[in-house]
K.L.:
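I'd like to ask you about the structure that follows.
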Amino acid sequence: MALPTDFSAIESADYSYLFYTRPNGAIAFLKSNTTHEDPDTKYSPSNVISAGNTVEASVPRVSAVSYTLHGNREIRLYYIVKKAKGSGHQLAELCQTNGGEWKPGVLNKNNVTCSEKSLISANVENGQGDLKVFFMDPDGQPGVAWVTLGQTTWSQHLLDNSW
């Protein structure tokens, strides 16, 4: 088995998840079998499945966040895909609520253009504030896309400073 090319860890419902991308772009995860880590903790592998298909990133990058909002456990997964129209790449989002099915997120409709070589990193404060996804635009300029938790309107802008 080929080594992962990127990974991102979260805690949800006291279990540990390690999301990762394979060299072919497939997104998978390891989930702990216990809510506390010890030398006997085992991790089970699974593919991320949405609408019956293994989810694949065009670029093997992934970032995940988890939080609780209105009593629901939420996991959000961010990755990079080719644009459906035209050329280039954009950020994509998958959402899972209370361990249910993975569903496409609202971010997918916002056409957040990013570089094929972009790194991505997401963060959120539990149950309040903004969920943010940092990325690089096609010119390598850092940017951020964000949404206030509980809302569906994403915004984005490039950061004022370059690297």
Side-chain angles (χ1 to χ4, degrees), residues 1-33 37 41-67 73-84 86-97 99-126 130-147 149 154 156-159 161-163:
M1 179 176 167
L3 293 175
T5 54
D6 195 22
F7 58 79
S8 180
I10 62 164
E11 295 281 325
S12 182
D14 295 326
Y15 290 92
S16 293
Y17 292 79
L18 180 63
F19 291 94
Y20 60 95
T21 52
R22 295 186 172 115
N24 68 356
I27 301 176
F29 64 94
L30 299 173
K31 180 183 177 185
S32 66
N33 68 343
E37 196 72 31
T41 301
K42 305 287 187 241
Y43 284 79
S44 300
S46 295
N47 287 323
V48 174
I49 306 291
S50 180
N53 298 307
T54 298
V55 175
E56 293 187 8
S58 297
V59 177
R61 301 276 184 266
V62 65
S63 187
V65 295
S66 66
Y67 58 94
R73 290 184 326 274
E74 305 287 346
I75 297 177
R76 298 292 184 264
L77 190 59
Y78 299 94
Y79 56 105
I80 299 171
V81 297
K82 289 184 180 176
K83 287 186 172 188
S87 62
H89 293 79
Q90 70 181 53
L91 293 178
E93 175 186 45
L94 280 177
C95 305
Q96 185 186 65
T97 301
E101 304 234 351
W102 287 103
K103 297 180 181 177
V106 175
L107 176 67
N108 301 355
K109 298 176 184 175
N110 284 266
N111 193 27
V112 178
T113 301
C114 65
S115 168
E116 179 180 10
K117 297 179 180 182
S118 182
L119 302 173
I120 53 176
S121 183
N123 70 29
V124 65
E125 187 169 349
N126 196 32
D130 295 333
L131 187 159
K132 299 175 185 178
V133 183
F134 294 87
F135 63 95
M136 296 177 335
D137 81 350
D139 295 323
Q141 181 78 16
V144 60
W146 75 94
V147 63
L149 291 181
W154 281 83
Q156 65 176 305
H157 74 91
L158 295 177
L159 305 185
N161 54 337
S162 294
W163 303 110

K.L.:
Could you label the plane-to-plane angle of the His157 and Trp146 rings as parallel, tilted or perpendicular, counting under 30° as parallel and over 60° as perpendicular?
P.N.:
perpendicular
K.L.:
In Å, rounded to the nearest 0.5 Å, how long is the span from CD of Glu125 to CG of Leu131?
P.N.:
11.5 Å
K.L.:
What residues, two or more places apart in sequence or in another chain, satisfy side chain to side chain contact (heavy atoms under 4.5 Å, CB included) together with Tyr43?
P.N.:
Ser16, Leu30, Ser32, Glu37, Thr41
K.L.:
What's the spacing between Ile120 CD1 and Ser8 OG if we round to 0.5 Å?
P.N.:
8.5 Å
K.L.:
Kindly give the heavy-atom pair with the smallest separation between Arg22 and Asn47, and that separation in Å.
P.N.:
NH1-OD1, 2.8 Å
K.L.:
Please identify each residue that fulfils side-chain hydrogen bond (donor to acceptor under 3.5 Å, both in side chains) with Gln156, with sequence neighbours left out.
P.N.:
none
K.L.:
Taking side-chain hydrogen bond (donor to acceptor under 3.5 Å, both in side chains) as the cut-off, I'd like each qualifying pair that reaches into residues 99-124, sequence neighbours left out, listed once.
P.N.:
Lys83-Thr113
K.L.:
With a 4.5 Å cut-off on side-chain heavy atoms, are Val55 and Tyr79 touching?
P.N.:
yes
K.L.:
Excluding sequence neighbours, so at least two apart, what forms side-chain hydrogen bond (donor to acceptor under 3.5 Å, both in side chains) with Ser58?
P.N.:
none
K.L.:
Could I get the full list of side-chain hydrogen bond (donor to acceptor under 3.5 Å, both in side chains) partners for Ser50, not counting sequence neighbours?
P.N.:
none
K.L.:
Does anything in residues 86-95 pair up under side-chain hydrogen bond (donor to acceptor under 3.5 Å, both in side chains), and if so which pairs, sequence neighbours excluded?
P.N.:
Tyr78-Glu93
K.L.:
Check whether any side-chain heavy atom of Phe135 lies under 4.5 Å from a side-chain heavy atom of Ile80, and answer yes or no.
P.N.:
no
K.L.:
If you count the non-hydrogen atoms of other residues, nucleotides and ligands that lie under 6.0 Å from CZ in Phe134, is the total more than 12?
P.N.:
yes
K.L.:
Answer yes or no: is there a side-chain heavy-atom contact under 4.5 Å between Tyr20 and Leu3?
P.N.:
no
K.L.:
In the structure I gave you, are the side-chain heavy atoms of Leu119 and Arg61 within less than 4.5 Å of one another anywhere?
P.N.:
yes
K.L.:
Calculate, to the nearest 0.5 Å, the distance between atoms CD1 and CD1 belonging to Ile10 and Ile75 respectively.
P.N.:
4.0 Å
K.L.:
What distance separates Arg73 CZ from Tyr15 OH, expressed to the nearest 0.5 Å?
P.N.:
9.5 Å
K.L.:
Taking the side chain as everything from C-beta on, heavy atoms only, tell me whether Pro60 gets closer than 4.5 Å to Asp6.
P.N.:
no
K.L.:
Starting at CG of Leu149, measure out to CZ of Arg76 and round the result to the nearest 0.5 Å.
P.N.:
8.5 Å
K.L.:
Just how far is it from atom CG of Asp137 to atom CG of Leu158, taken to the nearest 0.5 Å?
P.N.:
5.0 Å
K.L.:
Are side-chain heavy atoms of Val147 and Leu107 found at a separation under 4.5 Å?
P.N.:
no
